[in-house]
Amino acid sequence: MTTRLSALGTVPVVSAIGVAVVGAAGRMGSTVCEAVEAADDLELVARVDAEDDVAGLAAVGASVGVDFTVPAAVEDNVHALLDAGLHAVVGTTGWTEESLGRVRDHVERLNAERSDGLGVVIAPNFALSAVLAMRFAAQAARYFESAEVVELHHPNKVDAPSGTALATARHIAGARRDAGRGDVPDATETQIDGARGAVVDGVHVHAVRLRGLVAHEEILLGNPGEQLTIRTDSFDRVSFMPGVLLAVREVARRPGLTVGLDQMLDL
Ligand SMILES: NC(=O)C1=CN([C@@H]2O[C@H](COP(=O)(O)OP(=O)(O)OC[C@H]3O[C@@H](n4cnc5c(N)ncnc54)[C@H](OP(=O)(O)O)[C@@H]3O)[C@@H](O)[C@H]2O)C=CC1
Ligand SMILES: O=C(O)C1=N[C@H](C(=O)O)C[C@H](O)C1
């Protein structure tokens, strides 16, 4: 924090948070650049694309690196951002328990040597509607015999199932386990591989790729004679921006690894 003299005396002026966007030319990266540039308390100090080095980002004023790249690159990027002394906010998908564990170990190792801890926030989805849909699905799962997840995205998406659908299925599976629920009922013998989708922790997950879509998910829950459908729709990538900016503003206050935007909301 810096101070400045005014007619009212000395008043505190909070310095803008310097942000570097990794994957800046992509669909999400370019939207994040616009959102950061439009925020008074943030300053876009670097646009990082494939092949660019992140080692010098602190020297140009970056304190937070935001990564929206590709699953194949993201883990290396996060380790490099940490080694460069930056906090990291990450929306890129492709995480496993193992890769999350490596990031957790790395940030904790660095923080043991620092007075101000570095933070990493990794969230499969920064849209409020999706975060709430995941939470509601986990709350509802224990009450239903059947549960399936359908994710629907634009056809340029590189991965399937979506990171959001994987997280949703794992939350549902955890809630069912905690409630002592067994397998979902399913007597179907598939005639063609994949006809019943992927199975994530016992929950079927289906991926639709369709021109015109952005990012959507339906969680279908069924009991004899009744169904609950929970649906989230991101019609525009601006839907992810309030969550991304919240994480950028909060990450320095959360040393270590935080997984999921829900951890930063008062749900
Ligand atoms: N958590 C959330 O809320 C959301 C997450 N996502 C996730 O974000 C990721 C990106 O999605 P999207 O923006 O649609 O993808 P895009 O393909 O539009 O953008 C990815 C960008 O990353 C660049 N890139 C690739 N490798 C590197 C690297 N090593 N260093 C720097 N830049 C690199 C690509 O460059 P080039 O084309 O030159 O290779 C491209 O510009 C996906 O994993 C997606 O699932 C998406 C929406 C919301
Ligand atoms: O690639 C996308 O577009 C999205 N990716 C994330 C995911 O895989 O869950 C988040 C959102 O669904 C959009």
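Numbering of ligands and ligand atoms starts at 1, following listing order. It should be emphasised that the depicted structure is a prediction, and the values quoted were computed from it without experimental measurement.
- The closest heavy-atom contact to atom 2 (C) of ligand 2, among the options K157, R237, H216, R27, comes from K157.
- Residue-ligand proximity, S162 to ligand 2, at heavy-atom distances under 4.0 Å covers atoms 7 (C), 8 (O), 9 (O).
- Close approach to G163 involves these atoms of ligand 2, each under 4.0 Å from a residue heavy atom: 7 (C), 8 (O), 9 (O).
- Proximity of a side-chain donor or acceptor of R181 to a complementary backbone N or O of R142 within less than 3.5 Å is detected.
- Interface atoms of ligand 2 facing A215, defined by a heavy-atom separation under 4.0 Å, are 11 (C), 12 (O), 13 (C).
- At least one heavy atom of K157 lies less than 4.0 angstrom from ligand 1.
- If you number the atoms of ligand 2 from 1 as listed, the ones under 4.0 Å from a heavy atom of H153 come out as 2 (C), 3 (O), 4 (C), 11 (C), 12 (O), 13 (C).
- Heavy-atom contacts of H154 reach the following atoms of ligand 2: 1 (O), 2 (C), 3 (O) (cutoff under 4.0 Å).
- With a 4.0 Å heavy-atom cut-off, ligand 2 is reached by the backbone of T164 and by its side chain too.
- Residues meeting the salt bridge (Lys or Arg N to Asp or Glu O under 4.0 Å) test with R47, sequence neighbours left out: E37.
- Taking 4.0 Å as the cut-off, M28 does not count as a neighbour of ligand 2 on heavy-atom distance.
- Close approach of ligand 2 to T93 (heavy-atom distance below 4.0 Å) involves ligand atoms 6 (C), 7 (C), 8 (O).
- Regarding atom 10 (C) of ligand 2, its nearest protein heavy-atom neighbour is P124 O, 3.4 Å.
- Comparing heavy-atom distances from atom 25 (C) of ligand 1 across V89, D159, V214, V70 singles out V70 as nearest.
- A search for side-chain hydrogen bond (donor to acceptor under 3.5 Å, both in side chains) contacts involving N223 returns E226, not counting sequence neighbours.
- Under 4.0 Å from ligand 1, the heavy atoms of A73 that appear belong solely to its side chain.
- Of all the atoms in ligand 2, the ones that sit under 4.0 Å from a non-hydrogen atom of N125 are 10 (C), 11 (C), 12 (O).
- Within the structure, the closest approach of P124 to ligand 1 falls below 4.0 Å when heavy atoms are considered.
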